[in-house]
Asker: 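Have a look at this one before I ask anything.
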Amino acid sequence: MTDHLPSYSQGDVKQALLAAGASGTIYSLVMPESEAVLAEVMDGGPAGRDAGLLEHYREAWTQKQDALHEGYFERWIAWSAPVVKFEAAAFPHRYPTAGASEGIFKLMAEYAARARSEGFAPSIHIFDGEYEGFPAYAASLGLPLVRHSRIEWMEVASHAERNAQFWISQPSAIDGSVWPHFDAFARGLAEERPDIALVPDLTYVGNVARAFEVAIDLPNVAHFVFSHSKPFGGYYHRVGGVFSREESPALFGNKWFKNLLSLAWGSAMMDRFGVHELPRRYAGVQAEATRGIGRLLDVERLQPADVNLLATAPVSDADSTLVRMLHRGSGDEAVVRLCATPAMAALIDPRLAASTAPQLLERWRAEGLA
């Protein structure tokens with residue numbers, strides 16, 4: 001059942017990468033800001049008891065909790081507005097989810113059910129090197145998966161099966177970049193193949209320091225997902241959501257089955273920090289972590305990615321066996337992609353990485369990197 005897992009998830013490989021302050025798996029960065037806001041939400045202050053958080057849990061029979069996620073979504077619309085361009089009124093159905101993963105799985109499950117009901121052959125399409133969860137969830141639902149080389153994105157419309165579902169992350173999980181052809185790809189697909197549903201995953205919105213835009217107000221975008229796992233270090237808060245043009249039967253119950261504490265924390269984080277603020281604050285840390293990891297792994301051209309948790313480099317024939325396990329994408333777009341979170345946490349505050357920071361920082365000092 002683990003055949004779909006990447007090679008860098010193997011225990012010995014993970015330890016070798018961690019010794020350099022890196023990982024292949026993308027881990028969220030818990031920042032001092034993440035913990036400070038959580039403490040305020042839990043212990044009091046404007047986001048906690050003073051805001052009536054405990055009252056939110058009482059008297060469930062009144063059904064007052066049913067609407068408590070609505071403010072969270074209104075905040076996300078305003079928070080993401082410098083980046084995400086869409087007509088919010090066109091997506092009236094909004095579902096809180098346990099991170100983006102719950103939304104991805106349930107939307108794929110609905111798609112599989114619709115294919116059975118309507119009698120068409122379903123297929124999930126992605127670009128090579130995309131987020132590992134897409135193929136994993138497709139496999140669990142028995143959905144065929146088709147990978148495309150991103151350098152041939154203009155050919156997707158002519159090659160994809162009818163009624164396919166195409167999943168795509170922007171910023172991209174392939175290389176941590178804001179993919180410059182997203183708009184042209186999305187609009188071209190809508191015009192040439194309106195039968196193909198495009199589902200954007202906006203998990204990394206909030207992780208990029210520079211200004212950019214993602215335009216998703218297109219007829220072939222019926223849903224999109226987002227999360228606060230990566231932008232705010234909220235992986236274990238399990239907070240995110242789905243916007244949908246039409247009601248989603250698989251997600252309908254989420255208006256009841258939701259985590260009020262996580263929604264309060266996510267809302268407070270958005271109130272405190274703009275969509276570019278934290279990645280700009282920690283850009284220097286990302287750059288320092290990237291330099292150290294590159295030296296320890298002997299990846300000379302390793303550079304900070306747009307996504308502040310990641311670092312990338314062009315692939316090279318000189319890459320070690322360990323580094324080759326971090327290759328992603330295909331053709332001329334193939335890159336070394338790694339997560340710098342372990343090193344960044346150690347540099348921000350060693351207490352954020354108490355079990356790994358001492359050894360890493362000592363190794364950096366021995367190598368003349370600190």
Side-chain angles (χ1 to χ4, degrees), residues 6-10 12-29 127-132 147 149-153 169-182 204 207-212 230 276 279-348 353 356 360-361 363-370:
S7 56
Y8 55 69
S9 66
Q10 299 170 9
D12 57 338
V13 176
K14 291 178 69 173
Q15 290 305 310
L17 292 170
L18 189 58
S23 69
T25 303
I26 309 305
Y27 293 109
S28 63
L29 176 65
F127 287 127
D128 186 32
E130 260 286 8
Y131 168 52
E132 296 88 342
R147 299 178 190 266
S149 171
R150 199 171 64 174
I151 60 175
E152 298 174 351
W153 61 269
S169 58
Q170 176 73 337
S172 177
I174 298 173
D175 52 11
S177 71
V178 177
W179 187 44
H181 302 300
F182 178 90
Y204 287 115
N207 277 108
V208 177
R210 68 178 178 88
F212 71 101
K230 304 302 193 303
H276 299 297
R280 287 173 179 169
R281 181 174 298 183
Y282 290 110
V285 175
Q286 180 192 13
E288 184 178 355
T290 299
R291 286 193 296 271
I293 293 168
R295 285 276 300 277
L296 293 180
L297 292 179
D298 194 25
V299 183
E300 293 184 0
R301 298 171 65 186
L302 194 68
Q303 297 293 323
D306 287 341
V307 170
N308 69 320
L309 308 179
L310 306 182
T312 63
V315 300
S316 168
D317 292 340
D319 287 341
S320 66
T321 300
L322 178 63
V323 172
R324 288 176 185 275
M325 293 183 181
L326 301 172
H327 288 188
R328 296 180 78 85
S330 54
D332 293 340
E333 282 198 339
V335 296
V336 176
R337 189 214 69 181
L338 58 81
C339 176
T341 295
M344 290 180 67
L347 291 169
I348 293 169
T356 58
L360 175 63
L361 295 177
R363 186 179 180 193
W364 281 23
R365 282 189 289 268
E367 298 282 345
L369 300 173

Asker: Is any side-chain heavy atom of Trp179 closer than 4.5 Å to one of Glu333?
Answerer: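 They are in side-chain contact.
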
Asker: Are the side chain of Thr341 and the backbone N or O of Tyr27 linked by a donor-acceptor pair below 3.5 Å?
Answerer: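 A pair under 3.5 Å: yes.
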
Asker: Between Gly176 and Ala305, which heavy-atom pair has the shortest distance, and what is it?
Answerer: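 Here Gly176 and Ala305 meet closest at O-CB, 3.7 Å.
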
Asker: Examine distances only and state if a side-chain atom of Arg337 and a backbone atom of Gly24 form a donor-acceptor pair shorter than 3.5 Å.
Answerer: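 Flag set: sc Arg337 to bb Gly24 pair under 3.5 Å.
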
Asker: Under 4.5 Å between any side-chain heavy atoms of Ile26 and Cys339, yes or no?
Answerer: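 Contact flag for Ile26/Cys339 side chains = yes.
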
Asker: Does atom CZ of Arg280 have more than 12 heavy-atom neighbours from other groups under 6.0 Å away?
Answerer: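 Yes, CZ of Arg280 has more than 12 neighbouring heavy atoms, counting only those of other groups under 6.0 Å.
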
Asker: Measure the spacing between CG of Leu17 and CD1 of Ile293 and express it to the nearest 0.5 Å.
Answerer: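 Leu17 CG to Ile293 CD1: 9.5 Å, rounded to 0.5 Å.
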
Asker: Check whether Arg324 reaches the backbone of Asp319 with its side chain - one donor and one acceptor, N or O, closer than 3.5 Å.
Answerer: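 Yes: the side chain of Arg324 pairs with the backbone of Asp319.
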
Asker: Look at atom CG of Asp12 and say whether more than 12 heavy atoms of other residues, nucleotides or ligands are closer to it than 6.0 Å.
Answerer: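 Yes, CG of Asp12 has more than 12 neighbouring heavy atoms, counting only those of other groups under 6.0 Å.
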
Asker: For the pair His181 and Trp153, name the ring-plane relationship: parallel under 30°, tilted 30 to 60°, perpendicular over 60°.
Answerer: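 Ring orientation, 0 to 90° scale: parallel.
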
Asker: Give the minimum heavy-atom separation between Ala343 and Ala289, together with the two atoms involved.
Answerer: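 Taking Ala343 first and Ala289 second, the nearest heavy atoms are CB-CB, 3.8 Å.
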
Asker: Does the Gln286 side chain pair with the main chain of Leu310, one donor and one acceptor, at a distance under 3.5 Å?
Answerer: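 It does hold such a pair.
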
Asker: Does the side chain of Arg301 come under 3.5 Å of the side chain of Ser316 through a donor N or O and an acceptor N or O?
Answerer: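 Looking only at side-chain atoms, Ser316 and Arg301 do not form any donor-acceptor pair under 3.5 Å.
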
Asker: For the residue pair Val299 and Leu338, establish whether any side-chain heavy-atom pair is separated by less than 4.5 Å.
Answerer: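 With C-beta onward as the side chain, the pair stays apart.
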
Asker: Whether the side chain of Arg328 engages the backbone of Gly129 through a donor-acceptor N/O pair (distance < 3.5 Å, no angle test) should be reported.
Answerer: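 Here the side-chain-to-backbone pair exists.
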
Asker: Closest approach of Ala16 and Leu322, non-hydrogen atoms and distance?
Answerer: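 Residues Ala16 and Leu322, closest heavy atoms: CB-CD2, 3.9 Å.
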
